[in-house]
Amino acid sequence: MKTLGREFYNRDSLIVAKELLGKVLVHEIEGQRISAKIVETEAYMGVEDKAAHSYGGKRTPRVEVMYGGPGFSYVFMIYGMYYCFNIVTREEGTPQAVLIRAAEPIEGLELMAQNRFHKAYNQLSKSQIKGLTNGPGKLCRALLIDKGLNGEDLCGLKLYVGAGENEPLSIISAKRIGIDYAGEAKDFCWRFYIEDNHYVSVK
DNA sequence: GGCACGATAGGCT
DNA sequence: GCCTATCGTGCCC
């Protein structure tokens, strides 16, 4: 499967967020592969976006990777127990990113089941199967993405995004989740998801 | 099915 | 000392 190159990410973050839908997030770990189709994303538009960690040009060690070039991971801890995985977009100096909110498991189902529930895949209930990767914290658990992968180059061999099937998709735009503090920006429809997909976190 | 609530720790003021 | 780009559980329909 072809891997997305640097220039894919060096574009308008809203376009990247939409075009990431249907692509395949892959984590190669200890000779095994875990992969999942991206079904829900959110764009964070940087210095002018009150919901973005880089709003107003805020520049701290945590957000530093967003100020670098496109195609790197931005992983942060949230609520003390979960991670969120983002992909940095735009050229160096423009701190924008796309949050990956949900995905549909493809390869490594047994690993995902262990990582999430410490059970074999065929022992999972229906709701556990759906819960494997239908949220930003959940998919990080399932794919073993943590702060050790912050700043990882997605044009490498460990963590990357494959082109997938290139199937036609029906894309829904909606308000982003969990940003009530962000003033008028909380109502911007910068969340995108594949219509009718089972693994979307919020419909 | 939906809603309320608590867990938990790093990041920043 | 406060806040957070979340999730699981318990409870009540």
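Quick note on labels: first sequence line is chain A, next is B, and so on, each numbered from 1.
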Would Glu110(A) and Tyr121(A) count as a side chain to side chain contact (heavy atoms under 4.5 Å, CB included) here? Give the steps.
CA-CA 5 Å; Glu110(A) 289 302 334; Tyr121(A) 186 85; 3.3 Å; yes

Roughly how many Å is it from [atom1] in [X] to [atom2] in [N], rounded to a whole number?
{"X": "Ile78(A)", "N": "dC12(B)", "atom1": "CD1", "atom2": "P", "result": "12 Å"}
{"X": "Phe76(A)", "N": "dC3(C)", "atom1": "CZ", "atom2": "P", "result": "18 Å"}
{"X": "Tyr74(A)", "N": "dG11(B)", "atom1": "OH", "atom2": "P", "result": "10 Å"}

Look at all strands and tell whether Gly80(A) reaches a base, only sugar-phosphate, or nothing, counting heavy atoms closer than 4.0 Å.
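Touches a base.
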
Does Glu152(A) have any salt bridge (Lys or Arg N to Asp or Glu O under 4.0 Å) partners at least two apart in sequence or in another chain, and if so, which?
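Per chain and number, Glu152(A) pairs via salt bridge (Lys or Arg N to Asp or Glu O under 4.0 Å) with no residue.
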
Could you spell out the base pairing of DNA chain B as a dot-bracket line? Use Watson-Crick and G-U wobble contacts where both distances are under 3.5 Å, [ ] for crossing pairs, | for partners on a different strand.
|||||||.||||.

Under the side chain to side chain contact (heavy atoms under 4.5 Å, CB included) criterion, do Lys23(A) and Phe8(A) qualify, and how do the steps go?
CA-CA 12 Å; Lys23(A) 303 294 192 290; Phe8(A) 179 91; 4.3 Å; yes

Here's a test of your reading of the structure: between Tyr79(A) and Lys147(A), which maps to the more 5' nucleotide of DNA chain B?
Tyr79(A)

Treating Ser13(A) as the side-chain partner and Gln96(A) as the backbone partner, does any N or O pair qualify as donor plus acceptor under 3.5 Å?
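Side chain of Ser13(A) to backbone of Gln96(A), a donor-acceptor pair under 3.5 Å: no, none is there.
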
Roughly how far, to the nearest 0.5 Å, is [atom2] of [Y] from [atom1] of [X]?
{"X": "Ile194(A)", "Y": "Leu169(A)", "atom1": "CD1", "atom2": "CG", "result": "4.5 Å"}
{"X": "Met45(A)", "Y": "Ser54(A)", "atom1": "CE", "atom2": "OG", "result": "10.5 Å"}
{"X": "Tyr44(A)", "Y": "Arg176(A)", "atom1": "OH", "atom2": "CZ", "result": "5.0 Å"}
{"X": "Ile129(A)", "Y": "Arg116(A)", "atom1": "CD1", "atom2": "CZ", "result": "12.5 Å"}
{"X": "Thr133(A)", "Y": "Glu104(A)", "atom1": "OG1", "atom2": "CD", "result": "8.0 Å"}
{"X": "Arg191(A)", "Y": "Glu40(A)", "atom1": "CZ", "atom2": "CD", "result": "5.0 Å"}

Strictly under 3.5 Å: I want the nitrogen or oxygen pairs between protein and nucleotides 8-13 of chain C, one per line.
from: dG8(C); atom 1: OP1; to: Arg116(A); atom 2: NH1; distance (Å): 2.8
from: dG8(C); atom 1: OP1; to: Arg116(A); atom 2: NH2; distance (Å): 2.7

Stretch [range]: residues that reach within less than 4.0 Å of DNA chain B through a heavy atom:
{"range": "residues 173-201 of chain A", "answer": "none"}
{"range": "residues 38-64 of chain A", "answer": "Thr60(A), Pro61(A), Arg62(A)"}
{"range": "residues 86-103 of chain A", "answer": "none"}

Among dA7(B), dT6(C), dA9(B), find the nucleotide with the atom closest to the side chain of Met81(A).
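The answer is dA7(B), which lies nearest to the side chain.
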
Evaluate the side chain to side chain contact (heavy atoms under 4.5 Å, CB included) criterion for residues Val24(A) and Ile106(A): first the C-alpha distance (whole Å), next the side-chain angles of each, then the deciding distance (0.1 Å), finally the verdict.
CA-CA 9 Å; Val24(A) 181; Ile106(A) 299 176; 3.9 Å; yes

When you measure from the centre of the six-membered ring of Tyr9(A), is the NZ or CZ of Arg6(A) closer than 6.0 Å and no more than 45° off the axis?
no

Any ion pair linking Arg33(A) and Glu28(A) (charged N to carboxylate O, less than 4.0 Å)?
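Looking at Arg33(A) together with Glu28(A), the answer is yes, because their closest N to O distance falls below 4.0 Å.
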
Inspect the contact between Lys175(A) and Asp180(A) and indicate whether a charged nitrogen and a carboxylate oxygen are less than 4.0 angstrom apart.
no

Centroid-centroid distance, Phe76(A) to Tyr74(A), less than 6.0 Å:
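Yes, they do, as the ring centres are separated by less than 6.0 Å.
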
Go through the steps for Tyr82(A) and Arg141(A) under the test side chain to side chain contact (heavy atoms under 4.5 Å, CB included), then give the verdict.
CA-CA 8 Å; Tyr82(A) 300 102; Arg141(A) 280 264 168 93; 4.0 Å; yes

